[in-house]
Amino acid sequence: MKNYNRNNKILITGGAGFLGSHLTERLLKEGNEVLVVDNFFTGTKQNLAHLLGNPNLEVMRHDVTFPLYVETNQIYNLACPASPVHYQYDPVQTTKTSVHGAINMLGLAKRTRARILQASTSEVYGDPEVHPQPEEYWGRVNPIGIRSCYDEGKRCAETLFFDYNRQHNLDIKVVRIFNTYGPRMHPNDGRVVSNFIMQALQDKDITIYGDGQQTRSFCYVDDLIDVMVKMMNSEKSFAGPVNIGNPGEFTMLQLAETILKLSGSKSKIIHQPLPSDDPKQRQPNIELAKAKLGWQPKVNLEDGLKETIAYFKKIVG
Ligand code: NAD
Ligand code: UDP
Ligand code: UDP
């Protein structure tokens, strides 16, 4: 007789990307079966290379804008390019990925009765007038700008999650992720941490967009994965949305100076034009995550950057 396997069967869309590959590693370590579904737009097989020998891992090339019929009892929906450079490359596909992707994954969750978690974003707050941002804040998003394909796509995905919850009683979880960094960010990813580190390690100019006074709050990847898994396994009545990130807030100038100091680089800072709709400030209010999930980040910016610089040093050689 077949030996029925009662392990968790977890689907991760976007599992070959930066966050997805760390999540895959964590869930395999905990003894789960993991199915990664990815179209490899920004993710790479290299991100999963060290895990490919694990018999509990299956990797499938698939675009979530098309239907997907598999069996699963938990879905982490991470598929979507996260860097402005990448999500603006094919903005229509970006919106399709968030919206059609959410519909397909929610349809899959409905058929299999799986619990489903959406990787939403601080971008739902746009360029915020409320600081720091609590979950109750509805945000200030330009609906027709160059960032809208990402911001509005993610907002619509949240709407779909809550409507499937109300209409079909689906077991949903929504996390709003703030800027996260760490090893396995793509070296040409275009986001600020990878750009500055790659530039510093190659003694190239550090490109600050605008005057560098805009702020972001940076969370180290290990802290983020901890809370994402906690949220997935939290009590059913808590659907979110919940902010997850590190409240430590820095200007881009401070970030550049810290990376220059930690890498011992001779690079000089230059200024380039600020892209349109670039949010001026961003900092999560994480009181809800603390109260409901008993979580707060542990890794400070300097320690996280040291790990990340060490990773990029290996790539640069
Ligand atoms: P990433 O670009 O490294 O990973 C995204 C993954 O999704 C890649 O592997 C990519 O190939 C895949 N993908 C893209 N479109 C797809 C499609 N149509 N079908 C299947 N796969 C597709 O980005 P990341 O930083 O790992 O982000 C993961 C998720 O977390 C994204 O949904 C992103 O919006 C969200 N998020 C990340 C951050 C952050 O700071 N890293 C912040 C907020 C939200
Ligand atoms: N879907 C999927 N996998 C499944 C079930 C559904 O990809 O296992 C897709 C299907 O293409 C559908 C979408 O999810 O269009 C939404 O499904 P739902 O059941 O909500 O809607 P309907 O099938 O009635 O359009
Ligand atoms: N940024 C910068 N130089 C770069 C890349 C980004 O000054 O080489 C700035 C960007 O304008 C923004 C901040 O850094 O103000 C964070 O940008 P990122 O693309 O990492 O993320 P997001 O804007 O989506 O938070």
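Indexing begins at 1, ligand by ligand and atom by atom, following the structure's order. Keep in mind it's a predicted model, so treat the numbers as computed, not measured.
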Can you check whether H168 has an N/O within less than 3.5 Å of an N/O in ligand 2?
no
Pairwise, report which nitrogen or oxygen atoms of ligand 1 are under 3.5 angstrom from protein nitrogen or oxygen atoms, and how far apart they are.
residue, atom, partner, partner atom, Å
ligand 1, 2 (O), T42, OG1, 2.7
ligand 1, 3 (O), F18, N, 2.9
ligand 1, 7 (O), C80, N, 3.3
ligand 1, 9 (O), G17, N, 3.0
ligand 1, 9 (O), D38, OD1, 3.2
ligand 1, 9 (O), D38, OD2, 2.5
ligand 1, 9 (O), G43, N, 3.2
ligand 1, 11 (O), D38, OD1, 2.7
ligand 1, 11 (O), N39, OD1, 3.4
ligand 1, 11 (O), F41, N, 2.9
ligand 1, 11 (O), T42, N, 3.1
ligand 1, 11 (O), G43, N, 3.0
ligand 1, 13 (N), N39, OD1, 3.3
ligand 1, 18 (N), D63, OD1, 3.0
ligand 1, 18 (N), T97, OG1, 3.0
ligand 1, 19 (N), V64, N, 3.0
ligand 1, 21 (N), N39, N, 3.2
ligand 1, 21 (N), N39, OD1, 3.3
ligand 1, 25 (O), R191, NH1, 3.1
ligand 1, 25 (O), R191, NH2, 3.1
ligand 1, 26 (O), F18, N, 3.3
ligand 1, 26 (O), L19, N, 2.8
ligand 1, 32 (O), L78, O, 2.8
ligand 1, 32 (O), K154, NZ, 2.8
ligand 1, 34 (O), Y150, OH, 2.6
ligand 1, 34 (O), K154, NZ, 3.0
ligand 1, 40 (O), T180, N, 2.8
ligand 1, 41 (N), R191, NH1, 2.9

Under 4.0 Å between a side-chain nitrogen and a carboxylate oxygen: does that hold for E123 and R147?
yes
Ligand-protein N/O pairs under 3.5 Å (ligand 3):
residue, atom, partner, partner atom, Å
ligand 3, 3 (N), T207, O, 2.6
ligand 3, 7 (O), Y209, N, 2.8
ligand 3, 8 (O), N195, ND2, 2.8
ligand 3, 8 (O), T207, O, 3.3
ligand 3, 8 (O), T207, OG1, 3.0
ligand 3, 8 (O), Y209, OH, 3.4
ligand 3, 11 (O), D278, OD2, 2.7
ligand 3, 15 (O), Q214, NE2, 3.0
ligand 3, 15 (O), R216, NH2, 3.3
ligand 3, 15 (O), D278, OD1, 2.6
ligand 3, 15 (O), D278, OD2, 3.4
ligand 3, 20 (O), V192, N, 2.8
ligand 3, 23 (O), R147, NH2, 3.0
ligand 3, 23 (O), R216, NH2, 3.1
ligand 3, 24 (O), R147, NH2, 2.9
ligand 3, 25 (O), N179, ND2, 2.9
ligand 3, 25 (O), R216, NE, 2.7
ligand 3, 25 (O), R282, NH1, 2.7

Does ligand 2 have any atom that is closer than 4.0 Å to a heavy atom of F66?
no
To the nearest 0.5 Å, what is the distance between CG (D38) and NZ (K45)?
10.5 Å
Between D222 and R26, does at least one N-O distance fall below 4.0 Å, as a salt bridge requires?
no
If you measure from the Lys or Arg side-chain nitrogens to the Asp or Glu carboxylate oxygens, is any gap between E129 and K280 under 4.0 Å?
no
Using the test side-chain contact (heavy atoms from CB on, under 4.5 Å), find all partners of K313 that sit at least two apart in sequence or belong to another chain.
L201, I309
Atoms of ligand 2, numbered as shown, that sit under 4.0 Å from any heavy atom of R111
4 (C), 8 (O)
Close-contact set for ligand 2 against I103 heavy atoms, below 4.0 Å:
13 (C), 14 (O), 16 (C)
Using side-chain contact (heavy atoms from CB on, under 4.5 Å) as the criterion, list what pairs up with V141, not counting sequence neighbours.
D151, E152, R155
Honestly, for M105 the part within reach of ligand 2 (heavy atoms, under 4.0 Å) is neither
Note, Y181 side chain near L301 side chain (heavy atom, < 4.5 Å):
yes
What heavy-atom pair brings S234 and L293 nearest, and what distance separates the two atoms?
CB-CD2, 3.7 Å
Return the OH to CZ distance between Y125 and R176, rounded to the nearest 0.5 Å.
4.0 Å
Under the criterion side-chain contact (heavy atoms from CB on, under 4.5 Å), which of L11, N56, I10 is the partner of E33?
N56
Can you list the steps and then say if C149 with V92 is a side chain to side chain contact (heavy atoms under 4.5 Å, CB included)?
CA-CA 7 Å; C149 58; V92 173; over 6 Å; no
Contacting atoms of ligand 2, where contact means under 4.0 angstrom from a heavy atom of P67
7 (O), 11 (O)
Would you say that P241 contacts F161 through its side chain, given a criterion of any heavy-atom pair below 4.5 Å between the two side chains?
no
